[in-house]
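Numbers restart at 1 for each chain; the letters A, B, ... are given by sequence-line order, proteins then strands.
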Amino acid sequence: MSDSETARYDFATAEPYWQGQWDKAGCFAAEDVPSGARPKYYVLEMFPYPSGKIHMGHVRNYTLGDVVARYKRAQGFDVLHPMGWDAFGLPAENAARENKADPASWTYGNIANMRGELQRMGFSLDWSREFATCDPEYYGQQQKIFIDFWKAGLVERRDALVNWDPVDMTVLANEQVIDGRGWRSGALVEKKKLSQWFLKITDFAQELLDGLKTLERWPERVKLMQENWIGYSQGAEVYFKLTADIGDFAGIGVYTTRPDTLFGMSFLAIAPDHPLAREVGRDNVAAAGFIAACASQGTSEAAIETAEKRGFDTGLRVINPFNGETYPVWIANFVLMDYGTGAIFGCPCGDQRDLDFARKYDLPVPVVVAARVDEVPVIGPKALDGEGVIVNSGFLTGLSTAEAKAVAIARLVEMGAGKGVTNWRLRDWGISRQRYWGCPIPVIHCTACGPVPVPEHDLPVILPRDVSFERPGNPLEHHPDWSHVDCPACGKLARRETDTFDTFIDSSWYFARFCAPQSETPTLLAAVNHWLPVDQYVGGIEHAILHLLYARFFTRALERTGHVTVKEPFAGLFTQGMVTHESYKDEGGSWLYPEQVIKSANGAVHRDTGLPVTVGRIEKMSKSKRNTVDPAAIVGKYGADTARWFVLSDNPPERDVEWTESGVQGAYRFVQRLYRLAVQVAGERRVALPATVSGEARKLRQLTHRTIAAVTEALDSFAFNVAVARLYELTGALSATQGDTDEMLFARFEGAAMLARLVAPMMPHLGEEVYGRLCPGQGLVAQQPWPQANQALLVLDEVTIAVQVNGKLRGTVTVPAGQEAGPTLAAAELAVAAVLAGQTIVKKIHVPDRIVNFVVKP
RNA sequence: GCGGGCGUGGUGGAACUGGUAGACGCGCCGGACUCAAAAUCCGGUUCUGGUGACAGAGUGUCGGUUCGAUUCCGACCGCCCGCACCA
């Protein structure tokens, strides 16, 4: 055999060929409502935004999911593994403004290109389920869902303050406001009150919190982040009477988690945008000035001055219900209007912020918390915000802080001055966006009837394509006639809502639509009933809160409105790390692409100029730093399997992986090595399993079966890098074997065939190629069951165990596996006789098949 | 500030419920093949001392529990992530 010529794996031919074979055999197609009896497994990766090209993050994300999908399929599961496009969003509008491109054409063009790139990776996807969220067939169903939510009381319309960019004439998300200016226009952002649609996620706050406990296969830190975001807190609402009414106000409601410290009150503070503050500002110029100063604080100087607490004494006084004394009312910049009631009672001894404030304005600091009853502490610069004993507090004195909370609340209720309440950090979800490229909100505004839902027979409300991006602002508002419609209720001329949905809605139910993407209802109950929840969801940690929380809420709302039958969408979640790369700068400080840099022993130089290049930090691949590697180029040079193998092999998938050229070359070497091995073994004489297998051949068989067990365990626990290591090991051992006895030929063939099947979830094309050569005519690896380790071969014949003296390794001894203590200890003693000479053995420890330890003294 | 996580060779990392630390990959060193190169194959590679068998040290630092600690406990140092005046 001329191995140098024939034994070169031509991935460029093989990869498309096997993709065609899978397609022809329908390997990855699932049914909406399966007729078979196989158990179901739904694998889903977060679907991509169609930016135009796939990047390495996609390669990693979809490779991880694909390994799971292929592995579960081999284990006999009926696997659903779909793909689609998160296709609405601002980049399409920006492209329209910059290149005069139509957002729809731009988006669908990008999708076509990315679909091709994904298909070249050989992912085991059911492409017949593909959809884009900008398809009217999808977003029309979403409009139906919205109307159902509305009918179920989960939708509200109310005024809200938004970040308004006066140049772009659009609403900005918080993260689009940089130093108080719009990220695109650079204009100073205004706070503007707009009538907006809200989904009542807070109705589910308790359920969303409790539900986290049921998510056993979610990363702890994601659950913790959601828990903090939901922000459960328990406390009391306390009502303070004003000594004199002002306007319509006779008193102020305050939320506190520390009703036990009410006797330690020093002042009451309200938020600058509290209605009472505005009332005070009406005829108090100084107060109005302070309030205005606080309002502008939200912008550029905010970052600098955050720590500085400032206040304004209104001159008003309130009465503490517990001790009847009066306290001043301040307006304070650190009190937030949208948490609790927008007002606090200040207890400087038990709260650091209150203490800072009291010190600054020279307010009293009554001491009401102590470590012990008989010890009244002196308050320095630190407040006593922990647990303790209540002192100087009338009927609460002597109680623990926990007891005092309950007693205080009971007394407040008795007095009619307050009650125990639960508070949440979570806010309702504002879903209106003044944007074009999104799902139209299916509402008609009538001056007589108010907002009216678009009747179901008029759905979908289709996004018009004849829009102009010449003017700033939302093109839907400028459209000559789109918004002019008759009111569905009274028939008079009315106006269509021109806002579109937050695109997070699009991704909040796509997993349910994938179960039956052609359904004429948003979901097909029989299908979602079968497939949901998603068994394994894979995506980036950056979605730990928003997307994953919205999807959890949406699923509960869909359940309430009868669209799905589960409460949690994702039973298992895996969050993968980022793909990183070195960054490079030339002498002028400009970023360089990796392919512009040549590295040698004396440092890095520019490919064209030969000038020195600075090698910078390893950072997440990003276009701005030019440290990107294009998957298409890698696939062209090394093939899809090499790219897949590399992203799996280098480190645990939850961590960031650094893309290195030498690492990829290593992966490519392995591809070729495995292929050569297979060609060699395929050319050998084929024998049946001999009656007995011993010696080297038996050892090889044992390694093969240990590898099956180890790879199976590694895949079950997402330890793909460990699976890779075990496969390298088996390949190395197979290459090293010699001899052509029947037993060796059998052992080698078995090892190679198992290797093909074990490697197939990770490198599916090579797996087919190798399996096809070894086992011609036996079908596709993609349709083979997962190999089972032969238990008899997992039991070792003999073991080499460590022999320690006083816990230090002094030798090893090889004994039959499972041998009992007596003979093992005797052999061990012999092995370390030199060390034991002249010592007295105090104790002999024997852990079967593991270790022997002699405790000695002179 | 609050909450969470992580520290292992030159490097990415492995190590089951405490039981031979460094699997496997990358890099590096040496060798084979070749006119040469590429490709491939073989050997070595934690550190220190020694030609060597071997000896000593070693999983961020210090201490504890144990026959035995990368693993368990305590304190400290460093790095990363999330939230951020949430009353």
A:Tyr327 and A:Phe240 aromatic centres sub-6.0 Å: no
A:Arg425, nearest nucleotide to its side chain (from B:rC83, B:rG13, B:rG3): B:rC83
Residue A:Thr256, side-chain heavy atoms: nucleotide from B:rC83, B:rG19, B:rA87 that is nearest: B:rA87
Gap between atoms CG and P, on A:Leu836 and B:rC67 respectively (whole Å): 19 Å
Residue pair A:Arg258 / A:Thr401, side-chain heavy-atom distance below 4.5 Å: yes
Nucleotide nearest A:Val847 (side chain, heavy atoms from C-beta), chosen from B:rA14, B:rG82, B:rG19: B:rG19
Touch class at under 4.0 angstrom, heavy-atom based, for A:Thr800 against every strand present: base
Interatomic distance where CZ belongs to A:Arg221 and C1' belongs to B:rG5 [whole Å]: 8 Å
Short side-chain N/O contact from A:Arg8 to OP1 or OP2 of B:rU40, under 4.0 Å: no
Complement of B:rC35, any strand, by Watson-Crick or G-U distances under 3.5 angstrom: none
A:Glu729 or A:Glu713, whichever maps to the more 5' nucleotide of RNA chain B: A:Glu713
A:Tyr728 side-chain N/O to B:rG25 phosphate OP1/OP2 under 4.0 Å: no
Nearest-Å distance for atom pair CG/P, residues A:Asn651 and B:rG25: 16 Å
Value in whole Å for how far the C1' atom of B:rA55 lies from CG of A:Leu809: 13 Å
P atoms of B:rU70 and B:rG60, separation to the nearest Å: 9 Å
Between B:rA39 and B:rC26 - P atom distance, rounded Å: 13 Å
Within-4.5 Å side-chain heavy-atom neighbours: A:Glu237 and A:Val254: no
B:rC79 - base-pair partner by Watson-Crick or wobble geometry, distances under 3.5 Å: B:rG5
Length of the line joining A:Ile851:CD1 and B:rA69:P, which is rounded to integer Å: 10 Å
Sugar-phosphate only, base, or nothing, as touched by A:Gly666 at under 4.0 Å among non-hydrogen atoms: sugar-phosphate
Sugar-phosphate only, base, or nothing, as touched by A:Leu336 at under 4.0 Å among non-hydrogen atoms: base
A:Ile801 vs A:Gly231, nearer the 5' end of RNA chain B by closest nucleotide: A:Ile801
Between A:Phe646 and A:Trp659, ring centroids under 6.0 Å: yes
Nearest-angstrom distance, P atom, B:rU8 to B:rC62: 16 Å
Between B:rA14 and B:rA75 - P atom distance, rounded Å: 27 Å
Ring centre gap for A:Phe312 and A:Trp330 strictly below 6.0 Å: no
Side chain of A:Arg669 (C-beta onward), nearest among B:rA57, B:rU20, B:rC26: B:rC26
Sugar-phosphate, base or nothing in reach of A:Lys844, heavy atoms under 4.0 Å: nothing
Note, A:Phe854 side chain near A:Val835 side chain (heavy atom, < 4.5 Å): no
Atom-pair distance (CZ on A:Phe670; C1' on B:rA39), nearest Å: 18 Å
Distance in angstrom units between A:Lys808 NZ and B:rG58 C1', rounded: 11 Å
Between B:rG7 (C1') and A:Arg655 (CZ): distance, integer Å: 10 Å
Aromatic ring proximity A:Phe670/A:Tyr728, centre distance under 6.0 Å: yes
Electrostatic pair A:Lys223-A:Glu216, nearest N-O below 4.0 angstrom: no
B:rG9 versus B:rA23 - spacing of their C1' atoms, nearest Å: 14 Å
Distance-only donor-acceptor test (3.5 Å): side chain A:Arg726, base B:rA23: yes
Flag for A:Thr341-A:Tyr239: side-chain donor and acceptor within less than 3.5 Å: no
Distance-only donor-acceptor test, A:Arg850 side-chain atoms vs B:rC16 base atoms, 3.5 Å: yes
Touch class at under 4.0 angstrom, heavy-atom based, for A:Val855 against every strand present: sugar-phosphate
Spacing of the P atoms in B:rG10 and B:rU46 (rounded, Å): 10 Å
Any strand: nucleotide that pairs with B:rC67 via Watson-Crick or wobble, under 3.5 Å: B:rG19
Syn/anti label of B:rG9 as read from its glycosidic torsion, with the cut at 90° from 0: syn
P gap between B:rC73 and B:rG22, integer Å: 25 Å
Phosphate OP1/OP2 of B:rA87 contacted by A:Asn423 side-chain N/O (<4.0 Å): no
Of the listed nucleotides B:rC67, B:rC24, B:rU20, the one nearest the side chain of A:Thr812: B:rU20
A:Ser662 side-chain proximity, nearest of B:rC26, B:rG19, B:rU20: B:rC26
Sugar-phosphate only, base, or nothing, as touched by A:Tyr255 at under 4.0 Å among non-hydrogen atoms: base
Heavy-atom side-chain proximity of A:Glu798 to A:Val815 below 4.5 angstrom: no
Opposite nucleotide pairing with B:rC28, Watson-Crick or G-U, both atom distances under 3.5 Å: B:rG44
Touch class at under 4.0 angstrom, heavy-atom based, for A:Asn853 against every strand present: base
Sugar-phosphate only, base, or nothing, as touched by A:Arg810 at under 4.0 Å among non-hydrogen atoms: sugar-phosphate
Base partner of B:rU51, which must satisfy Watson-Crick or wobble distances under 3.5 Å: none
Short side-chain N/O contact to B:rA39 OP1/OP2 from A:Arg676, under 4.0 Å: no
Nearest-angstrom distance, C1' atom, B:rG43 to B:rC33: 15 Å
Touch class at under 4.0 angstrom, heavy-atom based, for A:Val335 against every strand present: base
Sugar-phosphate only, base, or nothing, as touched by A:Gln804 at under 4.0 Å among non-hydrogen atoms: base
Sugar-phosphate only, base, or nothing, as touched by A:Ser649 at under 4.0 Å among non-hydrogen atoms: nothing
